[in-house]
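Here is the structure we will look at, set down as structure tokens.
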Amino acid sequence: MADKPHQNLAVIGHVDHGKSTMVGRLLFETGSVPEHVIEQHREEAEEKGKGGFEFAYVMDNLAEERERGVTIDIAHQEFDTDSYYFTIVDCPGHRDFVKNMITGASQADNAVLVVAADDGVAPQTREHVFLARTLGIDELIIAVNKMDLVDYKEESYEEVKEEVIQLLKQVRFPSDDATFVPTSAFEGDNVSEASDNTPWYDGQTLLEALNDLPEPQIPTDAPLRLPIQDVYTISGIGTVPVGRVETGVLETGNNVSFQPSDVGGEVKTVEMHHEEVPRAEPGDNVGFNVRGIGKDDIRRGDVCGPAEDPPTVAETFQAQVVVMQHPSVITAGYTPVFHAHTAQVACTIESIDQKLDPASGEVAEENPDFIQSGDAAVVTIRPQKPLSIEPSGEIPELGSFAIRDMGQTIAAGKVLSVDE
Ligand code: GDP
């Protein structure tokens, strides 16, 4: 795996705009879908008399196969280009996509935003772009999708492109860096091959744009931080926590600590892509086994780090938050659910310390009584259960979170400081 760098890619966008179809198309056109799955799908599509591929189907099929197979592999889709190995870090087919995106996007280096040409910017387009911005996605590639439904018209493409540029400006995403591609995931236009249907477009295909993304910075110097996604029991091995190495390295023989569960031991084996490896680096999805750790000792939301420099557990923390959408006002005492890396913990906003000017970031008001949609603020937060979180200035990967309430993401933020 060492011949090309890794990119963790999030595919974001409004429901039904074609995320699953695009992921399926990318996997298919890069030869990453097993032949028999395509064959079976082709037969079914023919029976139904369908023109293009329903890639959501291929995705479901792959998920089923994985469930039957060895469980140590994490539910990730992979493909490669000349420059990179890509891992899709969330499954767009899932029902609660935003929730996945919060745990997924904080791990993603870059993202593809899918916007349907016949619908334009929709509520979840806004929500996902906002989250991508707050959670530190570096670069966006925007697929203006379903071009077949607008007769491949350049005006329709330009209209949607302009809407997206306005949105990027609103959240202060550096829109100059964003690449736009007119696509049809369903028909396969401009995904891996330049389409004859868009003669007015002479830019990159989606795969070319992916191939040209800047290389992610690999934070191997920082201490090991590995948020636990799941804990499996595998016969012959024992308890196998799985997750993605965010920073540092994990090596067999290391003494590690899981926080906040506060247990630890020596790393016996590390496995990646079904193979034992001596060491794992940032971006690697691993399953590993730690001497003396049972399934009930640790849980999703724990963070694994070196025993001598364990992950920080916050008594309280200060954070900068941006309120995206809240039906009324947020006051001290409010206790929504915080999603930070793989953890979900109810946290109380103890005090609202400063309201910030959202454009300049300067202090606009000390100790305001409340904040509301559109406001940025510095707040003090008390987790209701132990939560491992780090100042984003020290370990950015472990320093961001989203706040969810009433089934939607209402705010996102980053950690300024932690009181242990
Ligand atoms: P998601 O919810 O964003 O993952 O969207 P899906 O990939 O499930 O797509 C939603 C529907 O739109 C499905 O019926 C797809 O077949 C269809 N679809 C996706 N991409 C395209 C496209 O480029 N053109 C057309 N005509 N339909 C598409």
Side-chain angles (χ1 to χ4, degrees), residues 9-29 32-33 37-38 41-42 44-64 75-77 79 88-102 104-105 108 111-129 131-132 140-154 156-157 159-161 164 167 180-198 201 205-207 209 407-409:
L9 190 71
V11 179
I12 61 179
H14 194 71
V15 62
D16 274 349
H17 280 199
K19 297 179 297 292
S20 309
T21 310
M22 189 60 86
V23 170
R25 174 63 73 178
L26 284 167
L27 295 176
F28 174 63
E29 296 200 356
S32 315
V33 182
V37 174
I38 294 175
H41 173 247
R42 216 173 253 142
E44 284 187 27
E46 262 169 32
E47 269 170 34
K48 291 182 191 151
K50 283 187 177 154
F53 284 123
E54 284 288 343
F55 278 104
Y57 167 91
V58 175
M59 301 289 286
D60 289 350
N61 214 300
L62 286 174
E64 259 172 46
H76 288 166
Q77 317 286 340
F79 65 94
I88 310 272
V89 292
D90 41 53
C91 293
H94 282 176
R95 290 244 305 287
D96 195 349
F97 182 68
V98 171
K99 213 153 125 194
N100 289 320
M101 173 157 167
I102 293 156
V112 173
L113 170 68
V114 178
V115 188
D118 62 334
D119 198 18
V121 169
Q124 285 159 1
T125 317
R126 289 182 186 285
E127 187 175 24
H128 293 180
V129 166
L131 281 172
L140 272 186
I141 298 171
I142 298 103
V144 178
N145 191 41
K146 303 199 185 186
M147 284 302 297
D148 55 304
L149 293 185
V150 295
D151 298 327
Y152 298 101
K153 281 210 278 291
E154 184 175 9
S156 308
Y157 169 70
E159 245 170 61
V160 173
K161 183 173 165 181
V164 175
L167 171 62
F180 288 81
V181 186
T183 63
S184 168
F186 191 70
E187 303 289 350
D189 297 289
N190 295 324
V191 177
S192 66
E193 271 180 57
S195 168
D196 292 340
N197 293 320
T198 53
Y201 176 76
T205 63
L206 185 59
L207 265 182
Q408 58 182 358
T409 305

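When a ligand or atom number is given, it counts from 1 through the structure's own listing order.
Contacts with ligand 1 closer than 4.0 Å are made by heavy atoms of both the backbone and the side chain of K146. Counting heavy atoms closer than 4.0 Å to ligand 1, residue D148 contributes side-chain atoms (C-beta onward) but none from N, CA, C or O. At a 4.0 Å heavy-atom cut-off, ligand 1 touches L149 through the side chain alone.
Counting all heavy atoms, side chain and backbone alike, F180 lies closest to Y201 at O-OH, 3.3 Å. Minimum heavy-atom separation, S184 to D148: OG-OD1, 3.0 Å.
Considering backbone and side-chain N/O of T183, none are found under 3.5 Å from N/O of ligand 1. Between M22 and ligand 1, no N or O atom pair is found at a separation short of 3.5 Å. For ligand 1, the polar-atom distance check finds an N/O of A185 within less than 3.5 Å of one of the ligand's N/O atoms. An N or O contact shorter than 3.5 Å links F186 to ligand 1 by distance. At least one N/O-N/O distance between N145 and ligand 1 falls below 3.5 Å.
Remark: the backbone N or O of G13 is paired with a side-chain donor or acceptor of K19 at under 3.5 angstrom. For the pair H17 (side chain) and V115 (backbone), a donor-acceptor distance under 3.5 Å is absent.
Interface atoms of ligand 1 facing S184, defined by a heavy-atom separation under 4.0 Å, are 22 (C), 23 (O), 24 (N). Close approach of ligand 1 to H14 is summarised as follows: ligand atoms under 4.0 Å from at least one heavy atom of the residue are 3 (O). For ligand 1, the atoms closer than 4.0 angstrom to any heavy atom of V15 are 2 (O).
With sequence neighbours left out, A117 forms a side-chain contact (heavy atoms from CB on, under 4.5 Å) with V144, M147, V150. Not counting sequence neighbours, T125 has no partner by the side chain to side chain donor-acceptor pair (under 3.5 Å) test.
With N145 as the partner, the side chain to side chain contact (heavy atoms under 4.5 Å, CB included) test is satisfied by one option alone out of N190, V160, T183, L206: T183.
The number of heavy atoms from other shown groups lying within 6.0 Å of CD (E154) is above 12.
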